[in-house]
Amino acid sequence: MKTLLLCEKPSAARRIAMALDDEGHPLEKKLGIVPYYESRRNGKILIIVPAIGHLYTVTPKIRNRDVYPVFDFEWVPRHEAERGAKEIKKWIDAISKLSADAEDFILATDYDIEGATLGYMILKYACGGKEDRAKRMKFSTLTTSELRSSYDKLLDSIEFPMIEAGICRHLLDAIYGINLSRALTVAAKKWSGRYSTISTGRVQGPTLKFLVDREKEINCFVPLPFWRINAKVEIAGHLFTIEFEKKVIKSQKEATEIAEACRDKKGKIVNIEVREFRQKPPVPFDLGTLQREAYSLFKYTPRRTADVAERLYLEALISYPRTSSQKLPKSINYRSILESLIRDSRYKKLAGMLLDKKDLVPNEGRKDDPAHPAIYPTGNLPERKLSVSEMRLWDLIVRRFMAAFGEPAVKQSVKVSIDVNGYIFYLKGRRVLKEGWITFYRPFMRVEDIILPPIKEGQIVEIKDLSIEMDFTKPPARYNPSSLLKRMEDEGIGTKATRAEIIDTLYTRGYISGDRAVVSELGLDVIDILDRHCPEVISVEFTRELEESMEKIQEGNEKLENVLERAVNKLTPVLLRLKKSEKQIGEELSLAIRESRMNQRIIGDCPVCGTGKLIILRSRKTGKRFLGCTSFFKHSCNVSFPLPQKGKVTAAGKVCSECGFPMIRLKLKGKRPLVICVNPNCPGKERKDSR
DNA sequence: GCAAGGTC
């Protein structure tokens with residue numbers, strides 16, 4: 001008599017199998033590509049098999065993608081709906097086979113909406129209608145003790161209300177996203193005769209709207225002039241920059257008066273304010289915080305960081321990275337991780353310092369995750385040579401982990417007030433008095449000490465280099481991939497696992513371009529059209545409403561059917577109106593698509609003439625593609641660079657750190673994208689950093 | 001070649 005235990009993913013299956021086996025040594029087996037485990041617990045045989053996330057998905061019954069509105073959706077195995085999901089069939093087949101000789105069924109996927117829903121679909125379709133008799137393991141961490149106790153206290157059934165809410169989420173997202181995307185795509189295709197994907201959705205829509213709103217703010221911004229006073233002070237033979245008490249002076253007259261009054265005057269130190277403060281260690285990484293830190297330190301996009309972290313996780317160097325937790329439960333065994341890290345010469349001293357402490361208590365953050373702890377190093381050391389990006393990210397995670405256990409840093413700030421002919425200037429210094437956690441995080445600290453020489457009140461000092469400078473107020477900054485991700489997090493749209501991908505989609509659709517995301521005409525038009533016809537889908541309120549409906553469904557106060565019916569009633573007239581306006585919308589979009597396609601061919605500024613742009617061209621003679629300068633058409637620059645002939649070439653959005661030439665992103669089929677400098681003679685070409 | 005959500 002066997003019991004089938006269904007898990008969300010292979011790593012979880014493994015942990016669960018180990019925890020539940022009486023001896024802690026489950027049999028490791030394989031059915032084709034699918035790993036599974038046989039554990040023995042109290043005389044019972046447990047077959048523990050993982051899924052790989054969702055194996056089933058919703059798809060419109062009408063497969064012709066030119067048709068809309070479509071409101072009939074069905075759940076199908078993912079490989080039937082998505083290309084590139086071939087392995088899903090093997091997983092479903094394996095689970096079906098294993099379930100055939102199982103008597104009892106236990107759902108052990110993550111205890112959240114998606115976990116419950118994906119488990120339900122597998123029990124229902126792959127296991128042959130076992131959803132009603134399956135029991136449920138409820139756990140929030142994959143620790144041995146919690147897994148055992150959740151097995152001992154099995155819930156009698158899977159959580160149907162939560163599943164109904166999950167199904168609702170899938171269907172609503174599909175109904176809105178697919179219909180509106182089809183409407184826009186079809187309109188453009190009919191007008192131009194060319195296919196180009198124009199997509200939107202519950203998360204894409206509002207995210208693009210953030211960018212468009214910012215773009216408009218920037219366009220409407222009127223810069224105002226202001227003046228500032230620059231000056232230095234000489235103390236003990238050293239020059240220090242000082243700040244005038246008012247950072248911004250609104251009139252030139254006032255600025256000039258101050259400058260006149262202070263130039264060639266001596267200053268008198270009238271006040272010295274010394275402040276000491278403690279700074280707590282940084283909290284361990286959740287995915288979003290890691291993505292932001294990696295962007296700020298290394299300029300890695302959130303997507304790249306997610307990809308690299310995924311690889312580190314698959315090689316067992318770090319814990320599960322798709323987490324929103326900033327907490328490190330004791331059960332991960334801080335000491336054993338540090339004892340393992342100590343084997344790396346770089347961490348020997350640091351890990352040793354922590355191991356000498358009596359108590360190891362991490363400074364945890366506020367954010368939590370029901371399914372996973374914060375990201376931490378497993379203590380394993382790399383078995384192969386890591387790429388530069390893998391090494392940097394691993395090092396960052398290791399040091400952040402250690403820093404979280406460090407002592408608070410003690411810092412001192414000094415503010416010296418200098419009176420110059422009645423005007424006050426500030427000289428600011430800062431220094432670290434006690435490093436504490438900074439010792440561990442040193443390579444990633446960006447603030448330098450400014451150490452002031454001994455000064456005392458009443459001292460007379462020399463003012464140097466006093467000048468006035470005119471500047472203009474600046475418009476709000478454009479989003480970059482990192483700040484956009486933060487905005488999404490703050491607004492609660494998307495998930496930790498999808499946000500980076502959705503931002504990437506906005507780039508590939510040609511809605512935005514560049515590191516400081518500039519919105520294209522196409523992006524503006526899409527938002528404009530949706531704003532006129534269907535403002536709900538570009539509003540964050542849409543997600544709020546969905547969440548409310550899901551909550552009500554879970555409480556039993558709402559039915560899935562009613563929520564869907566309301567959505568259909570809302571969307572039907574919208575889609576009909578879109579269809580009626582197809583011509584006009586098609587024209588508007590098609591023109592913008594052309595411009596967007598053109599923009600996507602631009603790789604960066606021409607490093608030779610400095611005025612033109614490098615653009616992807618095709619040789620008339622050979623048909624080969626290459627990079628040429630747009631100034632060529634004005635007969636002022638004829639520089640050209642060869643391009644790889646295979647794969648998709650896009651702008652990397654940055655210049656080479658070695659030679660300053662623009663870089664391309666080359667995506668070969670089935671491979672990870674490469675970022676390459678366009679300069680064939682780049683000095684960096686000798687060395688290797690492919691990622 | 002459509003969404004967003006899991007996961008590899």
Side-chain angles (χ1 to χ4, degrees), chain A residues 7-13 33-35 50-60 62-70 73 75 78 81-88 90-91 109-110 112-122 165-189 194-208 306-307 309-311 313-315 320-323 371-372 488 493-506 508-510 526 537 542-543 546 550 567 571 575 593 670 672:
Chain A
C7 310
E8 184 141 334
K9 51 185 169 283
S11 62
I33 57 166
V34 181
I52 28 171
H54 281 288
L55 300 185
Y56 295 83
T57 188
V58 285
T59 200
I62 301 174
R63 298 299 172 95
N64 183 342
R65 290 164 115 94
D66 290 342
V67 179
Y68 73 91
V70 285
F73 286 80
W75 286 87
R78 251 189 54 209
E82 296 167 25
R83 51 182 208 98
K86 261 194 258 159
E87 76 281 16
I88 297 295
K90 295 175 184 160
W91 286 79
T109 50
D110 292 352
D112 54 28
I113 287 182
E114 296 300 328
T117 308
L118 76 91
Y120 168 84
M121 293 299 161
I122 296 168
I167 294 172
C168 178
R169 203 275 307 150
H170 278 260
L171 285 168
L172 270 194
D173 279 349
I175 288 174
Y176 271 87
I178 290 177
N179 278 301
L180 290 168
S181 298
R182 280 186 183 180
L184 297 175
T185 305
V186 166
K189 186 177 162 190
R194 243 185 113 171
Y195 178 87
S196 190
T197 306
I198 315 291
S199 65
T200 187
R202 177 174 55 83
V203 183
Q204 274 184 49
T207 307
L208 183 55
D307 286 350
E310 175 75 22
R311 289 206 294 278
Y313 161 68
L314 289 175
E315 300 203 17
Y320 191 71
R322 284 187 289 271
T323 175
H372 310 280
M488 294 170 81
I493 57 171
T495 69
K496 61 224 170 205
T498 58
R499 287 182 191 120
E501 276 178 55
I502 286 168
I503 293 172
D504 247 32
T505 303
L506 299 182
T508 46
R509 296 281 183 262
V526 166
V537 84
F542 190 25
T543 291
L546 169 67
M550 293 191 357
L571 208 48
L575 291 166
I593 290 167
R672 286 195 290 271

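In what follows, chains are A, B, ... by sequence order, proteins preceding strands, each numbered from 1.
Regarding contacts with the backbone of B/dG5, a side-chain N or O of A/Thr498 is found under 4.0 angstrom from either OP1 or OP2. Here A/Arg509 reaches the OP1 or OP2 of B/dC2: one of its side-chain N or O atoms lies under 4.0 Å away. Between B/dA4 and A/Arg169, no contact under 4.0 Å exists linking OP1 or OP2 to a side-chain N or O. For the OP1/OP2 pair of B/dA3 and a distance below 4.0 Å, the side-chain nitrogens and oxygens of A/Arg65 include no atom meeting the criterion. Between B/dA3 and A/Arg202, no contact under 4.0 Å exists linking OP1 or OP2 to a side-chain N or O. Using a 4.0 Å cut-off, some side-chain N or O of A/Ser199 falls inside it from OP1 or OP2 of B/dA3. Remark: A/Tyr176 is not in phosphate contact with B/dA4, judged by side-chain N or O atoms under 4.0 Å from OP1 or OP2.
Picking from B/dC8, B/dC2, B/dA3 the nucleotide with the shortest atom distance to the side chain of A/Thr197 gives B/dC2. Picking from B/dC8, B/dA4, B/dC2 the nucleotide with the shortest atom distance to the side chain of A/Lys9 gives B/dC8.
Look at CG on A/Leu208: it is 13 Å from P on B/dA3, rounded to the nearest Å. Rounded to whole angstrom, the span from the CZ atom of A/Arg322 across to the C1' atom of B/dT7 amounts to 5 Å. Here B/dC2 presents its P atom at 10 Å from CD1 of A/Ile178, a figure rounded to the nearest Å. Taking atom NZ of residue A/Lys90 and atom P of nucleotide B/dT7, one finds them 21 Å apart after rounding to whole Å. Protein atom CG of A/Leu172 is 11 Å distant from nucleotide atom C1' of B/dA3, rounded to whole Å. For the pair A/Ile52 CD1 and B/dG5 C1', the computed distance is 14 Å after rounding to whole Å. One atom, CD1 of A/Ile502, and another, P of B/dA4, lie 5 Å apart when rounded to the nearest Å. Between the CG atom of A/Asp504 and the C1' atom of B/dA3 there is a distance of 16 Å, rounded to whole Å.
In terms of heavy-atom proximity, A/Thr117 sits nearest to A/Gly166 at OG1-CA, 3.4 Å. Nearest approach of A/His372 to A/Asp110, heavy atoms of both residues: NE2-OD2, 3.8 Å. The two residues A/Asp66 and A/Val186 have their closest heavy-atom pair at O-CG2, 3.6 Å.
No donor-acceptor contact under 3.5 angstrom links the side chains of A/Arg509 and A/Thr197, judged on distance only. Checking A/Ser199 against A/Gln204 by side-chain atom types alone, a donor-acceptor pair falls below 3.5 Å.
As judged by a 4.0 angstrom heavy-atom cut-off over every strand, A/Arg182 is placed among the base-contacting residues. Within the 4.0 angstrom heavy-atom criterion, only backbone atoms of the sugar-phosphate kind lie near A/Glu310; the bases stay farther away. Among the heavy atoms of the strands lying under 4.0 Å from A/Glu501 is at least one base atom, whether or not backbone atoms are also near. Heavy atoms of A/Gly494 sit under 4.0 angstrom from primed sugar atoms or phosphate atoms, though from no base atom. At a threshold of 4.0 angstrom between heavy atoms, the contacts of A/Asp110 are confined to the sugar-phosphate backbone, with no base atom among them. Using a 4.0 Å heavy-atom distance criterion, A/Leu184 is classed as making no nucleic acid contact. A/Phe73 comes within 4.0 angstrom of nothing in the nucleic acid, heavy atoms only. If you check every strand for non-hydrogen atoms under 4.0 Å, A/Pro10 touches sugar and phosphate atoms only. Across all strands, A/Thr200 comes closer than 4.0 Å only to sugar-phosphate atoms, never to a base (heavy-atom distances).
Checking side-chain atoms of A/Ser181 against main-chain N and O of A/Thr200 turns up a donor-acceptor pair under 3.5 Å.
The salt bridge (charged side-chain N to carboxylate O under 4.0 Å, His left out) analysis of residues 178-187 of chain A, with sequence neighbours excluded, yields no pairs.
Comparing A/Leu314 and A/Lys189 against DNA chain B, the residue whose closest nucleotide sits nearer the 5' end is A/Lys189. Toward the 5′ end of DNA chain B lies the nearest nucleotide of A/Tyr195, the other residue of the pair A/Tyr195 and A/Glu114 mapping further downstream.
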